[in-house]
Amino acid sequence: MDIYTVLLVDDEEEVIQVIMKKINWEGLGFSVIGYANNGVKALEMVEEFQPDVVMTDIKMPYMDGMELSGRIKTEFPATKILLFTGYDEFEYAKEAVHLEVEEYILKPVNSIELTKVLTQVKIKLDQEISEKRNVATLEKHYMESLPLLQADFYSALIEGQLDQKEIRKFLSDYQISFEGPRHCCLVVHTSSTQLPDNMQPQLLATSVQKQAREKLEERWRSKSFSYLGNTVMLCQLRNENEISELTDECDRFCKYVHRILGAVVTVGVGQVCRDIAELAQSYRGAREAVSYRVLYGASRAINIMEIAPQETRQPQRDNEGELSKLFKMIRLGSEEEVREEAGKYLTRMSFPEKSLQQHHMDIMELLGTLYRFAGNNHIAEEFLSKDMRELYVRLLDMEPEELHRWLTNISLFFREDLILARSRSTQSFVSKAEEYVRNNYSDENLSLDSICQVLGVSNSYFSTAFKKETGKSFTGYLTDYRMDQAARLLIETSEKSYIIGRSVGYTDPNYFSYVFKRRFGVSPSKYRTEHGTSEK
């Protein structure tokens, strides 16, 4: 059975104690996490504990129950609210239907009535959780999101980011059929400069994509999706000889959409592959074929095997694509995962038939990719300051073990630099927030929302980072800083308490006294008597 948490709010503590004793909370499925005697304190506790139910009186100092309910419903809409009201407040409370209060309970509180109300609230909470956990509902949501998940999978596939095990898992999870037995990638490129009159480029590309699906999908059992401004189609062939038929059909398609839509379309046809894991190579070939339109003309299909068969059939490597896993580990992985992925990359790079010339090219590509990664992430100034030519010559002379050590060390260096950069970033805006508090603590409107607006970060991210860095919530830090300043002013000056309260951001002298006593255990006047001068 789920146990739900309850926060009690009333400025009369004896009322709260009676309620706590009258009700069999555990038997009803609830647990009281605490109580507050005013709305401001209650809101702080709601932010910290996020209770399932808040039971609050209407008339309270500093922030009444109506305002508290409104704040809770805005910031924590799932929280259920029960309002205690006096007879003379009942109709007034009933008018506030927009607050979505669960129930209005007349004082004095009757244990039988309250038990009945809590039972109904428990039923409603159970139903809401049941709906969220309902398998059928989850399956419906999953099916609705399936096209996006499939598109993400296709993108990762042509980027070469997945191994065989991952591919099999995603095919099963995302209900994708790739029977083959041969596969080929098409890149459908629509010119964004040669457009019919009064036609938007994106609208035209979308229309071409729709036509491509209608004309090519069924015959070639293709999976199509948008990627980097083009339409990519992953086709299935029964044998390698069908590639000529596919190329001819793509060529007819280009002429068709030019006649019907006025679109200038080039279809790049990649090489045929036996396994879908090789579609990354086919995609690179199709993308390269599209680039040949500057030589062969647009509004046609270009088969990479027909224009550059010898080059394409040579063993090809995409070091930058293969390095993506290593870069992912540098950004997110542990030290051990970085070491492991660096070793895997060098193992993949060392294929038996590689010539000395190919090795030199691989080293050059590796070094260039590492330089780009460092530059794009604003890290590793020590690495970037090195002479690239000198480093390249040194790497060429390295034996396999030495090269492995070098790549591992530079990868760990990058990882450490990124960690320090993230840490400096967090420390920077936390320091800015602390400085802002020091300069603006007297502003009564200073709050979590206003500081986040100044810093340009979200409340959730700032709150988490601030507490991790300082050990306090921002609200707690601000309150403590204001109280420390107030204590100092009480000792060092003879100003009256209400003036000091206003100077540290509290316009309500009663609330200032309440917060001060909560921090130091005594009233401002008594604190001054115990520590220094007396008020004039």
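Fair warning: this is a prediction, and the values are worked out from it, not measured in the lab. Numbers for residues simply follow the sequence, beginning at 1. Because only heavy atoms are used, hydrogens play no part in the values below, and waters and symmetry mates are left out as well, while side chains stay in.
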For the pair K122 and D126, find out whether any cationic side-chain nitrogen is under 4.0 Å from an anionic carboxylate oxygen. yes

Would you say the side-chain atoms of [X] and [Y] include a donor-acceptor pair closer than 3.5 Å?
X: D275; Y: Q164; value: yes
X: Q200; Y: Q202; value: no
X: D152; Y: Y174; value: no
X: S222; Y: S224; value: no

Would you say the side-chain atoms of E242 pair up with the backbone N or O of R238, donor to acceptor, closer than 3.5 Å? yes

Got a donor-acceptor contact below 3.5 angstrom from the D52 side chain to the T5 backbone? yes

Using the side chain to side chain contact (heavy atoms under 4.5 Å, CB included) criterion, which residues pair with [X]? Sequence neighbours excluded.
X: A342; result: L326, L407, T408
X: K124; result: K80, E102, E128
X: C273; result: H183, E278, L279, S282

Can you sort out the partners of E335 under side-chain hydrogen bond (donor to acceptor under 3.5 Å, both in side chains), two or more places apart, ordered by chain and number? R339

Sequence-distant partners of K223, side-chain hydrogen bond (donor to acceptor under 3.5 Å, both in side chains), two or more places apart: none

Restricting to non-hydrogen atoms, name the atom on [X] and the atom on [Y] that form the minimum distance, rounded to 0.1 Å.
X: V272; Y: E240; answer: CG1-CG, 3.9 Å
X: D173; Y: K169; answer: OD2-NZ, 2.6 Å
X: P196; Y: G262; answer: CG-O, 3.5 Å
X: V232; Y: C185; answer: CG1-SG, 3.6 Å
X: A289; Y: V269; answer: CB-N, 4.1 Å
X: K325; Y: L162; answer: NZ-C, 4.3 Å

Please, which pairs that meet ring pair (Phe, Tyr, Trp, His ring centres under 6.0 Å) have at least one residue in residues 204-240, sequence neighbours excluded? Y154-F225, Y227-Y283

Test side-chain hydrogen bond (donor to acceptor under 3.5 Å, both in side chains), reference H189, set T266, N230, T231, output is N230

